[in-house]
Amino acid sequence: MNNVPSIYIHYSLCIYSSCHYFNFFLKSSIFNCIVGKGPVISFEQIGILHKRFKQLSHNEDTLRRDDLNTIPDLSCNPIRTQIIEAFFDKRNFHQNGEGTVQEISFEEFLVVMSHFRPPALNMTEEQRESIRREKLRFLFNMHDTDNDGTITLEEYRHVVEELLSRSGALGKETAKGIADAAMLEVASISMGHMEPDEFYEGITFEHFLKILKDIEIETRMNIRFLNMDTTNLCK
Amino acid sequence: MSVRVALHSRSFLERGLLLLVILIFLEGTVLTLGAASSPDISAQDNTGGHDHLDDHRGIAGSHVHPNYTKKAFPVLSLDYHHIQVPFEISLWVLLASLMKLGFHLIPQLSSIVPESCLLIVVGLLVGGLIKLAGEEVPPVLDSNLFFLCLLPPIILDAGYFLPIRPFMENIGTILMFAVVGTLWNAFFVGGLLYAVCQIEGTYLSQVELLPCLLFGSIISAVDPVAVLAVFEEIHINELLHILVFGESLLNDAVTVVLYHLFEEYSGAGEVTPMDVVLGVICFLIVSLGGIAVGAIYGILAAFTSRFTSHTRVIEPLFVFVYSYMAYLSAEMFHLSGIMALIACGAVMRPYVEANISHKSHTTVKYFLKMWSSVSETLIFIFLGVATVAGPHAWNWTFVSVTVILCLVSRVIGVVGLTFIINKFRIVKLTTKDQFIVAYGGLRGAIAFSLGYLLDKNLFPMRTMFLTAIITEIFFTVFVQGMTIKPLVDLLAVKKKQEAKRSINEEIHTQFLDHLLTGIEDICGHYGHHHWKDKLNRFNKKYIKKCLIAGERYKEPQLIAFYHKMEFKQAIELVESGGGVKLPSAVPSQVSMQNIQPKKLPPPVAERALPQFTKGREEEIRKILRSNLQKTRQRLRSYNRHTLVADPFEDGWNDFILKKQRLIELEKKVRLMSNYLTVPGATPDSPTMCRARLASDPNAFYNIKASSDGVPTIQVDLASPQSPDSVNMLNEFSKRGATGQGLGQREGADRDEDQGLMMKPAGKGEKGEEEGGNKNPGLMRCLSDPGPSNEDEEDEPFLP
């Protein structure tokens, strides 16, 4: 896929001549990350995403949290803060990132989006596995807020509380219980027997892979990137 | 008269004989079953014989003395005609059920041959026997019987338990296959068949184009009954299952329209472009109208079930009656009855399930499964019988061309359509998937019944059509049905995972839904997830409020799932004997304390402090109390009827009995293994325990029979030892007289322990807390948290 047909380059040149990303794309590893293995976000789609980016950032080069916070459609999403945080989390940009940033450029925006690209038609088992790991890693990072490699009970409780945050006091009450039950389930699946004085630190990534192996994440965690421009229709 | 009686008794004897033959057939394979039933049969035979004699005597008497008012009172008389119809129906149903029973007793047989094939063979045998006996084979697969009685249960079962989420996710593909695919099949098969008929030497030149197209439209539809029967046995993955099955359900509208269209114009002979337009409009009306009728009845059913809390016994009936009425109403206007049923079942299910009791839900489930499986069995047997019944007009060319064309058109249709669909699908269909979809296109009894409906005068080729249809059905069911399983294994097509949904998966499914919706919103386009989310919110805000009684409409899906899981665990625990097991026998468990964050000072330091300060203890008490009160309030708001008012509903008595037994046993265990019941030489000093409780008083719902052997379900909600729990006791005394008594005993027990050592007291405290927290859950369960079962999926309104 690295030898992109020249017509595409030409086409994308047209799109990106105004912004300076094109050169950057060809040499950067991000290019490989998005277009490199298997499923592809086409240049048209990148162009549309770029338009949207500009729209959100009010024609700035960088996007801030506030820009995302003000999307009206997002306002009733129970896990809004976590979604927004994911865009500013360095771990989602490259392999060994850590911490958060205040604003992101279009490349980073695109890299985060690329976690949601649809799978290709014919994948080898290894490809499938690597995509699976990558997508689950993204989810894991959303839960693991302090970046210590485990989702602790506190963090998990927070996740469930957020999920139920739209259902009022009733949700709050039960959220804890649900998180505890879920944690207990993880512990009993991944640890088997535990002595009473042992302590389960939290969900590691390996355990996370294990408990979610029945969710076919590679076929579910993807969205359709449009080929046509609908940004005007959306708020 | 006497002749008729004799005839009837003959047929009676014959039927007895028939049954006997069947049973012998079974006996050959299943000795136990035969042994159990054969005495009954011979007894029946004997009485039959006596009846016969008695009857003759009585009739002879009446002939000799026609004008006599006084005659011998007939001690025993026979009037078979009087009961003939229901009796024969029961006989058929009995035959079907026995067959089903028999096949499942021979696992080797059913693992090689699909049940549907065996049933057809049985049908052939029964038909052959009837024919051998010289009787006229009854027209069992009569269209009215089939469409009004046999088909609806199967479709309702399919619609009610339709996995909505995968169905809606693949609705585009399914519709494409169902509408375009079926149209393609109909015209391809019909057109080419007509072309073949025109070839000289086939002696089929009298077959016109329109009848050919009509035949094509009958034969091209994939049959839901056959698909269900075969696909249920091969355990294919969810995607493929829903693709083929969904297609078979939704192509009904196309079939209905094409059928009526061609039937109408076969007489006229001409089709104008206007008719084509009308046909398209008709298709829209038939399909959408069917869905609308179904949805209306579904909503009515949901609304009715809102008010049934006082008459639980008739709850299940509403589900069936409304659905059947939906089907009949749709059929009345020649709308698609199948789509009406599917829509009705799918629409009513989420609301009805929230309203009706757990037992009613079980009843609905079982009745649907029972009816549909009996219907299915009968349909296949009747197919066999109808094959024998004939009449047949075998034409090699017509039949073989039909079979080949069906295969070819199906393959071309699927491959071609997938090529288009894959451009739009996120998850593409692989070649293997295409093969299974094409190969799984089984034909079945619907085609036969439609063919049977044809008018003999209008269609002189009806017999030949029927023969070809039967051959095609046999070909797909036998050849494809039998080979699909080995092929699935050979191709290593992904199978269905039978795992139960875990709470983690549920959390992440929901999380993923919201995440994708959010990402779509950020991307700035309104996609699938966005609309789904909108619809869900609308459903939650307005529809649920109208259709679901009480407070439950507020319950988010995750919480509902969690409660169901809790309930299931409680049931499992009670059934398995709960905490009676010795700790060593408990399978590897992780208890709550393993995952609790250890924020507490190390246990050594804890032990150094021998007791609590008064203030701290009071504080803990307060937390516990407020928590208990809170849960109590919640529980009250969930109660749609009190337990006391309706003790039978949920088997409360049963539960109490079990509880008593449990507690007795558990006491014994405790006596013999006191050291085991204490959380060992662990850091769980009483203070620690209490502190933990304080830090997380809510966390005890899920302590199973963990290593400390605390019986998890305790009726003794509060032991009288702690002063503030007396209030609790009063609160609950209404429902728990038994529990109270036991509680006191427990309390006494505990006091004793406390006198001896500290640790059990800590445990007692823990148990108490656990009881307090457990019980709301239980109460809720018993007060009927709505349905829960292992295979169901609780979907949002639209996934």
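Letters go in sequence order (proteins before strands), and every chain restarts at 1.
Of the atoms belonging to Leu512(B), it is side-chain heavy atoms, and not backbone ones, that fall under 4.5 Å from chain A. For Ile84(A), no part lies under 4.5 angstrom from a heavy atom of chain B. Heavy atoms of Glu162(A) lying under 4.5 Å from chain B are absent altogether. Of the atoms belonging to Val112(A), not a single heavy atom falls under 4.5 Å from chain B.
When all heavy atoms of Leu515(B) and Ile79(A) are compared, the closest pair comes out as N-CD1, 3.6 Å. Summarising the geometry of Asp521(B) relative to Arg52(A), their closest heavy-atom pair is O-NH2, 2.9 Å, with the distance given to 0.1 Å.
With respect to chain A, the highest number of heavy-atom pairs below 4.5 Å among Leu516(B), Ile507(B), Ile522(B) belongs to Ile522(B). Per-residue counts of heavy-atom pairs under 4.5 Å with chain B were compared for Phe87(A), Phe116(A), Phe109(A); the largest is that of Phe116(A).
For CZ of Arg65(A), the number of neighbouring non-hydrogen atoms (other residues, nucleotides, ligands) closer than 6.0 Å is greater than 12.
Between Phe208(A) and His508(B), the angle of the ring planes goes over 60°, which puts this pair in the perpendicular group of the 30/60° scheme.
With rounding to the nearest 0.5 Å, the separation of CD in Gln82(A) from NE2 in His514(B) is 11.0 Å.
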